[in-house]
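So the structure is just underneath, and the comments pick up after that.
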There are 2 protein chains.
Amino acid sequence: MKNRYEPALRATGHTQRGQCAKRLSILDAAAHVFCREGFSGASIDEIAVAACVSRQTIYNHYREKETLFTAVVEDVMDRANAMLYSILATFPDKSDNIEDDLTAFAVRLSKNCLCNQDGKFLRKLVQSEGERYPHLFEAWRQHGPGKISSALGALFSRLCHKGVLQIDDFDLAARQFLALVNADLQMISLFGGTPTDEELESAARNAVQTFLRAYGKPAGTSIAQPPSLAVVS
Amino acid sequence: MKNRYEPALRATGHTQRGQCAKRLSILDAAAHVFCREGFSGASIDEIAVAACVSRQTIYNHYREKETLFTAVVEDVMDRANAMLYSILATFPDKSDNIEDDLTAFAVRLSKNCLCNQDGKFLRKLVQSEGERYPHLFEAWRQHGPGKISSALGALFSRLCHKGVLQIDDFDLAARQFLALVNADLQMISLFGGTPTDEELESAARNAVQTFLRAYGKPAGTSIAQPPSLAVVS
DNA sequence: GTCAATTTAGACACCATTGTCTAAAACGTC
DNA sequence: GACGTTTTAGACAATGGTGTCTAAATTGAC
């Protein structure tokens, strides 16, 4: 009872570095195992082995399996969120070739947000455990696809004001853009492997071409619009 | 050892009806429980209770949990397959309003193939257990989305020859059509609830409008195509 | 009603997992 | 090297699930 680990001391410590390493190692390993096995299929021992840590250490940091799980989800969502914003910032202010710029943007987005380990984790876990943890599901819905959609919507709004796109419903267009990008990728990333750069590139190009055919405004030729579209300019 | 149940006798029987009822009850209950809990989370006892059947009866019909699981998957996939073909047959041969016809078609497709219980089961289970059962995953890929895509591709090809659509890559267009239909629905059907008729209708209309802006050929005005498109005719 | 096929409840051994506990070891700082 | 903090291995009880077995009950065809 003398030298038992007291979680309350964590904030006061001078040994933050070592702890953080263990914590991160645990979170990382847990993310992988949870992703592969699901919540009920993942065992604490398996996670401990993957994290190169004893089982007791996990129980020192997280009261129980469920605590660990929600911590992992929060960690992954935070990272995904930061990644999203850093990617949004890369879209050029002055775009002379909207197709190329949108394609490059879609590649970065799918590579670093949708098809990476974090994206796969969130997709799988929210789908399989979403009904069991409604608050988790809601947080994901708002911070994940919700954030992406509204951020994309803002981007499209900017591009509309510049006369490059012609969109009525920005949110809808954002959802459709994401759906189109995923159209070619979900099969690959479901299979387990991450898509190659060529696959990402081709998926993005296909998506952007179709998107621009639906929402793009041809350079100087406003006459060439399909007549069923009400041209607002 | 006298009156033990012998699976080999099943085919010779005169009591097919009763057995079928039990079998279907088990398959149905198992599908629900597997869908809700995942493979490792679902317990045989839970399935037995849901099927109003004793646990031993399940073990009489299926050697082990895994056997039951694959049987459920095959059952659901067969049903989904039949449903798909019955829906494909509903697309009118002579279509005077392509937008309305495609929309009605998309509603039927999403309602009876994508958002119904079977669709949800397949999506969740393939996603969570696909890596553990590669053969299952492959079967789903070919018989599920693969079938839908190629069937849709064939339909689009017909519509192209009639001059209603203008498509280079039919498979790509099919995948994109499905992705667009799902764009508005995945969030709803992930949440657990099945979408309302209004939601299905609006999702289908949004998808079809965008799809037709990208791939539709305006009635008599072939000049009005965006110049970037190579007109093949 | 008879008979065989089928289902049932319950008990059972077996195993994996969770979460706790303890004493020893390792770590980091001074 | 001393000291408090943290990690570790291993044992542990409790739990819950799988799959087997048995004897009794039910069903359905004749």
Side-chain angles (χ1 to χ4, degrees), chain A residues 1-30 33-34 36-72 132, chain B residues 1-27 29-30 33-34 36-72 129 132:
Chain A
M1 210 214 274
K2 199 168 335 153
N3 47 2
R4 288 293 301 286
Y5 178 83
E6 282 296 325
L9 295 179
R10 272 188 289 117
T12 75
H14 34 325
T15 52
Q16 202 75 344
R17 194 51 11 88
Q19 284 213 22
C20 262
K22 294 278 178 196
R23 270 192 118 80
L24 291 187
S25 170
I26 293 173
L27 286 175
D28 193 54
V33 177
F34 277 137
R36 178 159 33 91
E37 313 281 345
F39 177 76
S40 40
S43 85
I44 300 284
D45 288 291
E46 203 175 350
I47 295 172
V49 169
C52 297
V53 142
S54 87
R55 176 173 65 250
Q56 187 58 37
T57 302
I58 295 182
Y59 281 110
N60 284 342
H61 287 274
Y62 306 98
R63 202 187 337 275
E64 51 191 0
K65 195 181 177 183
E66 208 167 302
T67 318
L68 171 60
F69 179 67
T70 60
V72 172
R132 197 185 313 281
Chain B
M1 211 214 276
K2 197 164 343 150
N3 46 3
R4 290 291 302 286
Y5 176 81
E6 284 295 324
L9 296 178
R10 270 189 290 119
T12 75
H14 33 327
T15 51
Q16 202 74 345
R17 196 47 16 89
Q19 282 214 23
C20 263
K22 293 279 178 195
R23 267 192 121 78
L24 291 187
S25 170
I26 293 173
L27 285 175
V33 177
F34 277 137
R36 179 158 33 89
E37 313 281 346
F39 177 76
S40 40
S43 84
I44 300 285
D45 289 291
E46 203 174 351
I47 295 173
V49 169
C52 297
V53 142
S54 87
R55 177 175 65 250
Q56 187 58 38
T57 302
I58 295 182
Y59 281 110
N60 285 342
H61 287 273
Y62 306 97
R63 201 187 336 276
E64 51 191 359
K65 196 181 177 182
E66 209 169 299
T67 318
L68 171 61
F69 179 67
T70 62
V72 172
E129 320 291 343
R132 197 185 314 281

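Fair warning: this is a prediction, and the values are worked out from it, not measured in the lab. Basis for what follows: all heavy atoms, side chains included, without hydrogens, waters or symmetry-related copies. Note on naming: letters A, B, ... go to the chains in the order of the sequence lines (proteins, then strands), and numbering restarts at 1 for each one.
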Do you know which two heavy atoms are closest between [X] and [Y], and how far apart they sit?
X	Y	answer
Ala30(A)	Val72(A)	CB-CG2, 3.6 Å
Ser25(B)	Ala51(B)	OG-O, 2.8 Å
Ile44(B)	Ile58(B)	O-CD1, 4.0 Å

> With a 4.0 Å cut-off on heavy atoms, is Ala48(A) in touch with a base, just the backbone sugar-phosphate, or nothing at all?
Replying inline: nothing

Rounded distance in Å - [atom1] ([X]) to [atom2] ([N]):
X	N	atom1	atom2	result
Arg23(B)	dT6(C)	CZ	C1'	13 Å
Glu37(B)	dT18(D)	CD	C1'	17 Å
Ile26(A)	dT6(D)	CD1	P	13 Å
Ile44(B)	dA9(C)	CD1	P	16 Å
Ile58(A)	dT20(C)	CD1	C1'	15 Å
Glu46(A)	dA16(C)	CD	P	13 Å
Glu64(A)	dA14(D)	CD	P	19 Å

Which nucleotide in the set [options] lies at the smallest distance from any side-chain heavy atom of [X]?
X	options	result
Lys65(A)	dT18(C), dT8(C), dT7(D)	dT18(C)
Gln56(A)	dT18(D), dG10(D), dG10(C)	dG10(D)
Asp45(B)	dT18(D), dT8(D), dT8(C)	dT18(D)
Tyr59(B)	dT20(D), dT7(C), dT18(C)	dT20(D)

Residue-phosphate contact under 4.0 Å: [X] side-chain N/O, [N] OP1/OP2:
X	N	result
His61(A)	dT7(D)	yes
Lys22(A)	dT5(D)	no
Thr57(B)	dT8(C)	yes

> Out of curiosity, His61(A) NE2 to Leu27(A) CG, how far, rounded to the nearest 0.5 Å?
Replying inline: 9.5 Å

>> Filter on salt bridge (charged side-chain N to carboxylate O under 4.0 Å, His left out), then keep only pairs touching residues 41-50 of chain B, sequence neighbours left out; what's left?
In response: Arg36(B)-Glu46(B), Asp45(B)-Arg55(B)

> Can you list the residues that meet the side chain to side chain contact (heavy atoms under 4.5 Å, CB included) rule with Thr67(A), with sequence neighbours excluded?
Replying inline: Tyr62(A), Arg63(A), Glu64(A)

> Residues two or more places apart in sequence or in another chain: which of them pass salt bridge (Lys or Arg N to Asp or Glu O under 4.0 Å) with Arg132(A)?
Replying inline: Glu129(A), Glu37(B)

Pairs under 3.5 angstrom, nitrogen or oxygen only, protein versus nucleotides 11-14 of chain C, please.
residue	atom	partner	partner atom	Å
dA11(C)	N6	Arg55(B)	NH2	2.9

> Taking only residues two or more places apart in sequence or in another chain, which ones pass side-chain hydrogen bond (donor to acceptor under 3.5 Å, both in side chains) with Ser54(B)?
Replying inline: Thr57(B)

>> Below 30° counts as parallel, above 60° as perpendicular, anything between as tilted: where do the rings of Phe34(B) and Phe39(B) land?
In response: parallel

> According to a 3.5 Å limit on both distances, what stems of 3 or more consecutive Watson-Crick or G-U pairs are formed with DNA chain C?
Replying inline: C:1-30 with D:1-30

